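Notes to accompany the following structure.
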Protein chains: 2
Amino acid sequence: MKPSAPARESADVTERLRDAITRGQLMPNERLIEADLAQSFGVNRANIRMALAMLDQEGLVVREPNRGARVRAVSEAEAGEIADTRLAIEGMVARRAAERATAADRKALRAIERGMRRAVEQADYAAFSQCNAALHREIQRIAGNETANRILQTLKTHLVRLQYRVIMLPGRPKSSLREHAAIVDAICAGDADAAEAAMRRHLQNFKDLLKQAIEAARLGGF
Amino acid sequence: MKPSAPARESADVTERLRDAITRGQLMPNERLIEADLAQSFGVNRANIRMALAMLDQEGLVVREPNRGARVRAVSEAEAGEIADTRLAIEGMVARRAAERATAADRKALRAIERGMRRAVEQADYAAFSQCNAALHREIQRIAGNETANRILQTLKTHLVRLQYRVIMLPGRPKSSLREHAAIVDAICAGDADAAEAAMRRHLQNFKDLLKQAIEAARLGGF
DNA sequence: GTTATCACGATTGTCAACAATATCGTTAAT
DNA sequence: ATTAACGATATTGTTGACAATCGTGATAAC
């Protein structure tokens, strides 16, 4: 059995195009020519057109009338905006998670936290990154706000190109682990205020480090 | 001179369709048949198709493969989610506004506040509603977070169908005025924490009243 | 040498016809 | 009477062709 019937090619194409952009296969400001994309994806131009329209709405590409579409470049200022917005939403999400977490939920959070600690001890960056994502995802699931989750998803999509720099910063995994532990503690204690505050601190640090990383990269080569 | 060259019909159509949905001319769960819409809007089906894809991404319609599009109905639970998310973002926005407001900005806020007070004294609901929107818009402008503003715009679009009920509640304009005054005071004082807290209180009240209004409507006929 | 004009190629926007799929009522079988 | 199979109709999805527009380079005017 298939996972879910696409039956409509454009949905699939949109996802593939989105991936190509977020994975950096298509560079910022690069022109996206419908005919070329149609050929390289092996689909009709109408599908590409549809995908571009949706990704435009999503903010991943910009389209100018009669002048085509380009991959949207997120400026440093915009990265800050995105990080602020994410911080606000995910703070609320952590709060709700603290209010709603069941015993099973708490157990799941602790398990991910243990995995994270193990990854730090073994200096396994890939595993750490994965646990990081899993933890945030789990908190979102517990909070159960689909609207917020959808928005967070697109915001993270915009940051994904930049954030790998932060993980690589010296000492970051260890401090990140501390921050995450504080979040999990607060949620498991059912302390909504503390959960929101901890999440905010975590994402504020992330934002600051992201800014540093971008600046360093800008001055130091690219 | 024109305001800005559309030159592309689909952008215009998208806006018109969005308006038709938010203004209630197209009811929730109503099927949106491409051919019909194309005829009634006087455009090609491809444009309608494009518009539906974008509004789907925006969350205003849902599309199922080979089964067409319908106006998305926001459930009571979802209205709560939207209100929560809005609260989180707009709290952050108020905080930033407090940090960034110039003397001119403060003057503009005070002017809108005066207009609001006048509207309440004269029991002019339309004017009040307009000042309400203007005040929130002005705060967003001052904060200068375009990412957040875009998201707030779409979230409000989803609530617009419901929120008129709240304004009509007895005594609401007066309490709303108090809440707004507190927000303006905090922003003008440059007190970021107070501004966020005041905005949160305001939107939390809004959320609670919205829930009440929806419940009352559900029990009392519609 | 600089600027204006024009024609051409590349690309996007529009359109109508066709194919594929779902919906719904009818009929037939049990 | 209930269910299953079937076919007609409505609707969406796909495709290719055509029209409109933009960028660019060549040419001409000054």
Side-chain angles (χ1 to χ4, degrees), chain A residues 1-21 25-73, chain B residues 1-21 25-73:
Chain A
M1 69 179 93
K2 294 172 187 172
S4 73
R8 181 177 35 181
E9 209 131 28
S10 66
D12 199 43
V13 171
T14 303
E15 202 170 330
R16 286 206 282 159
L17 226 184
R18 191 193 346 257
D19 279 1
I21 293 175
Q25 294 169 5
L26 296 168
M27 298 301 284
N29 285 324
E30 179 173 344
R31 276 196 72 184
L32 301 173
I33 289 149
E34 297 176 358
D36 295 356
L37 293 175
Q39 186 163 21
S40 71
F41 280 105
V43 299
N44 194 279
R45 230 188 85 204
N47 288 323
I48 297 294
R49 197 159 233 297
M50 202 80 107
L52 288 175
M54 296 182 77
L55 294 178
D56 173 49
Q57 192 70 18
E58 199 169 318
L60 233 52
V61 312
V62 289
R63 292 192 314 157
E64 291 174 289
N66 290 319
R67 296 183 53 180
R70 289 173 303 136
V71 178
R72 177 158 165 205
Chain B
M1 70 180 91
K2 295 172 189 173
S4 73
R8 181 177 34 178
E9 209 132 29
S10 66
D12 199 44
V13 171
T14 303
E15 201 170 331
R16 285 205 284 158
L17 226 185
R18 189 186 358 247
D19 279 1
I21 293 175
Q25 295 169 5
L26 297 168
M27 297 302 284
N29 285 323
E30 180 172 344
R31 278 195 71 184
L32 300 174
I33 290 150
E34 297 176 358
D36 294 357
L37 293 175
Q39 185 162 21
S40 71
F41 280 107
V43 299
N44 195 280
R45 232 187 85 203
N47 289 322
I48 297 293
R49 204 157 222 303
M50 200 78 107
L52 288 175
M54 298 182 75
L55 293 178
D56 174 48
Q57 192 70 20
E58 198 171 318
L60 233 53
V61 311
V62 291
R63 291 193 315 158
E64 291 175 288
N66 290 317
R67 297 183 52 180
R70 290 174 302 137
V71 177
R72 177 159 165 203

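These numbers come from the heavy atoms of this one structure, side chains and all, not from hydrogens, waters or symmetry mates. In this text the structure is predicted, and so the values were computed from the model without any measurement. Residue numbers start from 1 in every chain, and the chains themselves are labelled A, B, ... in the order their sequence lines are given, proteins ahead of strands.
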Would you be so kind as to tabulate the donor-acceptor pairs closer than 3.5 Å made by side chains of residues 30-37 of chain B, with sequence neighbours excluded?
| residue | atom | partner | partner atom | Å |
| --- | --- | --- | --- | --- |
| B:Glu30 | OE1 | B:Met27 | N | 2.9 |
| B:Glu34 | OE1 | B:Arg45 | NE | 3.0 |
| B:Glu34 | OE1 | B:Arg45 | NH2 | 3.2 |

Roughly, in whole Å, what's the span from [atom1] in [X] to [atom2] in [N]?
X	N	atom1	atom2	answer
B:Ile48	C:dA16	CD1	P	14 Å
B:Asn47	C:dC15	CG	C1'	10 Å
B:Asp12	C:dT14	CG	P	11 Å
B:Met50	D:dT12	CE	P	17 Å
A:Arg49	C:dC15	CZ	P	12 Å

Phosphate contact (C:dA20 OP1 or OP2) by B:Asn66 side-chain N/O below 4.0 Å
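Answer is no, no contact under 4.0 Å.
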A:Asn44 side chain near D:dG13 phosphate (N/O to OP1/OP2, under 4.0 Å):
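False: A:Asn44 side-chain N/O out of range (4.0 Å or more) of D:dG13 OP1/OP2.
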Who passes side-chain contact (heavy atoms from CB on, under 4.5 Å) against A:Val43, sequence neighbours left out?
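Scan of A:Val43 (side-chain contact (heavy atoms from CB on, under 4.5 Å), adjacent residues dropped) gives A:Glu9, A:Val13, A:Arg16, A:Phe41, A:Asn47, A:Ile48.
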Partners passing side-chain contact (heavy atoms from CB on, under 4.5 Å) against A:Arg67 (at least two apart in sequence or in another chain)
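Testing A:Arg67 for side-chain contact (heavy atoms from CB on, under 4.5 Å), a comparison that skips the adjacent residues, returns A:Glu64.
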Pairs of donor and acceptor atoms involving the side chains of residues 50-60 of chain B, under 3.5 Å and at least two apart or interchain, shall be tabulated with distances.
| residue | atom | partner | partner atom | Å |
| --- | --- | --- | --- | --- |
| B:Gln57 | NE2 | A:Glu58 | OE1 | 2.7 |
| B:Glu58 | OE1 | A:Gln57 | NE2 | 2.7 |
| B:Glu58 | OE1 | B:Arg18 | NH1 | 2.4 |
| B:Glu58 | OE2 | B:Arg18 | NH1 | 2.6 |

For DNA chain C, determine which residues of residues 33-42 of chain B have any heavy atom closer than 4.0 angstrom to one of its atoms, and list them numerically.
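The answer is none.
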Taking for each residue the nucleotide of DNA chain D bearing the nearest heavy atom, is the 5' side occupied by B:Arg45 or by A:Arg45?
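Its nearest nucleotide lies further toward 5', so the answer is B:Arg45.
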Name the residue closer to the 5' end of DNA chain D, choosing between A:Val43 and A:Arg67 according to the nucleotide with the nearest heavy atom.
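Looking at the nearest nucleotide for each, A:Val43 comes out on the 5' side.
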CD/A:Glu15: more than 12 non-hydrogen atoms of other groups inside 6.0 Å:
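Open.
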With a 6.0 Å cut-off (strictly less than), is the heavy-atom count around CD of B:Gln25, excluding the residue itself, greater than 12?
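Yes, CD of B:Gln25 has more than 12 neighbouring heavy atoms, counting only those of other groups under 6.0 Å.
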Which part of the nucleic acid, if any, lies within contact of B:Arg63, taking any heavy atom under 4.0 Å across all strands shown: a base, the sugar-phosphate backbone alone, or nothing?
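It contacts nothing in the nucleic acid.
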Contact list (N/O, under 3.5 angstrom) for nucleotides 7-9 of chain D vs protein:
none

Report the distance from atom CG of A:Leu17 to atom CG of A:Asp12, rounding to the nearest 0.5 Å.
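The CG atom of A:Leu17 sits 11.0 Å away from the CG atom of A:Asp12.
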